[in-house]
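Right, one structure below, let's go through it.
Per chain, numbering begins at 1; letters A, B, ... match sequence-line order. Side chains included, hydrogens not; waters and symmetry mates left out as well; all remaining heavy atoms used. Nothing here was measured: the structure is a model prediction, and the numbers come from that model.
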Amino acid sequence: MIKMILKGWIHEIRDLGGIKFLILRNREGLYQIVLPKKKVPGEIFEKVSELNKEDVVLIECEKKESKAKDFEFEYLPSEITVLNRSETPLPLDPAEKVSAEMDTRLDNRFLDLRKRKIYSIFKIRSDLLRYAREFLLNNDFIEIHTPKIISTASEGGTDLFPVQYFEKKAYLSQSPQLYKEMMMAAGFDRVFEIAWYFRAEEHNTRRHLNESTAIDLEMAFIKDEEDVMETLENLIHHIIKNISENCKKELNEIGVEMDIPETPFKRITYDKAIEILNDRGSTIEWGEDLGTEDERILGEYMKENDIAYYFIKRFPAKKIFYIMPDGKYCRGFDLDCNGVEITSGGQRIHDHDLLVNRIREFGLNPANFEDYLKVFRYGMPPHGGFGMGIERLLMEILRLNNIRECILFPRDRNRIKP
RNA sequence: GCCUGGGUGGUGUAGUCCGGCCUAUCAUACGGGACUGUCACUCCCGUGACUCGGGUUCAAAUCCCGGCCCGGGCGCCA
């Protein structure tokens, strides 16, 4: 006979008259509390009739073997204390008898998060970050944090959110790129950052957030982009292997089985990708970026060959100004998973004059990049790195079809609360 | 930014094309009752809804116009 105390929420109440069953839920799972009329104190038996779903309770009880289908053990209560009541009816049902739409779920996210499946997503998210840090720290990377309030939009590219910074205008950062490269010039050799980024793009899709998180990495003294790719594939492998082995309960709750990808990952060139795509009916021409549909077709091609994770490399040089060119190609790469881009990176230009020329070639004014360019004048080693969206990665690993599932309180085109 | 779909009780839905026994379906929830092994407990009774405004019509959840809100595809996406 083991006496114990259980704390949690009332998940379900099944009142059969002479016997009552309470299902208690907490972070660990579900517990069956059994109350046969003749075996529990009368006042406790009566008290159960007053309980509502989602009341928070503390139960002093005795643990015993159970004959129940779903439970190995059950608990006979000697005292039930209501710590706090829940109003009725609930805005959504954490026991998931009826589903709720994404909007209802997000409006009541704290209740949505009480669902076992939803909790499991965020437990795995936490573990994903743990294994990522573990790998990177063990491989000599230093964790850094760089500013998220930045002074100018000189990085170019996407739209930034403006913020009022006292008497000055500032922006929310959309990438730590510039700062990671500064840290290479600072002699830190290998750095990574796990942080928030903000993008003011008015997209409205299952795959985009306006506030998202990423694992960014930069490493110096590399031979070429292959050094970075090797780090990336080993990182992914470490993360997936560990989640697969240590998060069985959560994966089961979500209902996914994970395949651990073999390293090294498949590499294909941009040229080869174009060839495959043209073979399969895409009208993409050399020099163009891969569209969403192109990425999907390529993912299908890979799937036919049992490949989930693959690199695309040797893109046309005109793709991004700060990536190291190599003839008409460049040393940038993307890592795609099942037809979705999850990482992009490459070897960066470390030569100041080359960088200035590239900035001009892209129709930009080097004078606007002075803070950035200065870093390249006083001894910048060869370097490269990548940025990987955490929500995108989690979405692919868990095969969720909406990126909003992968972040606690999503910020999208319409939503800024709760 | 372009294109597209939607808004029915607390929640999820049927009905909308083709207006009329819609006094709006079903489930779940909620309130009351019965029940000693449930495990989506079961059974009985009850409560509760057409996004807003205008128009067409004898008649509007249904058709038309506008507003508000939301989804999705593409583009964009260091």
Note to self: Generate the contact string for nucleotides 43-52 of chain B. Rules: B means base contact, S means sugar-phosphate contact only, - means no protein heavy atom under 4.0 Å.
What the structure shows: ----------

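Atom CD1 in Ile19(A) sits about 12 Å away from atom C1' in rC41(B), given to the nearest Å. For the pair Phe73(A) CZ and rC39(B) C1', the interatomic distance rounds to 17 Å; values are reported in whole Å. Rounding to whole angstrom units, NZ of residue Lys67(A) and P of rU36(B) are separated by 15 Å. Going from atom CG of Leu160(A) over to atom C1' of rC76(B) covers 14 Å, rounded to whole Å. As a whole-Å value, the separation of Asp15(A) CG from rG31(B) C1' is 15 Å. Atom C1' of nucleotide rC77(B) and atom CG of Leu335(A) are separated by 17 Å, given to the nearest angstrom.
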Check: protein-nucleotides 2-10 of chain B nitrogen or oxygen pairs below 3.5 Å:
residue	atom	partner	partner atom	Å
rG10(B)	O2'	Leu90(A)	O	3.3

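Checking the phosphate oxygens (OP1, OP2) of rG73(B), a side-chain nitrogen or oxygen of Arg206(A) falls inside 4.0 Å.
For residues 99-113 of chain A, proximity to RNA chain B is found at Ser99(A), Ala100(A), Glu101(A), Asp103(A), Thr104(A), defined as any non-hydrogen atom under 4.0 angstrom from a strand atom.
With a 6.0 Å radius and a threshold of 12 heavy atoms from other residues, nucleotides or ligands, Glu370(A) has its CD atom above the threshold.
Glu54(A) pairs in a salt bridge (charged side-chain N to carboxylate O under 4.0 Å, His left out) with only one of the listed residues (Arg25(A), Arg85(A), Lys115(A)), which is Arg25(A).
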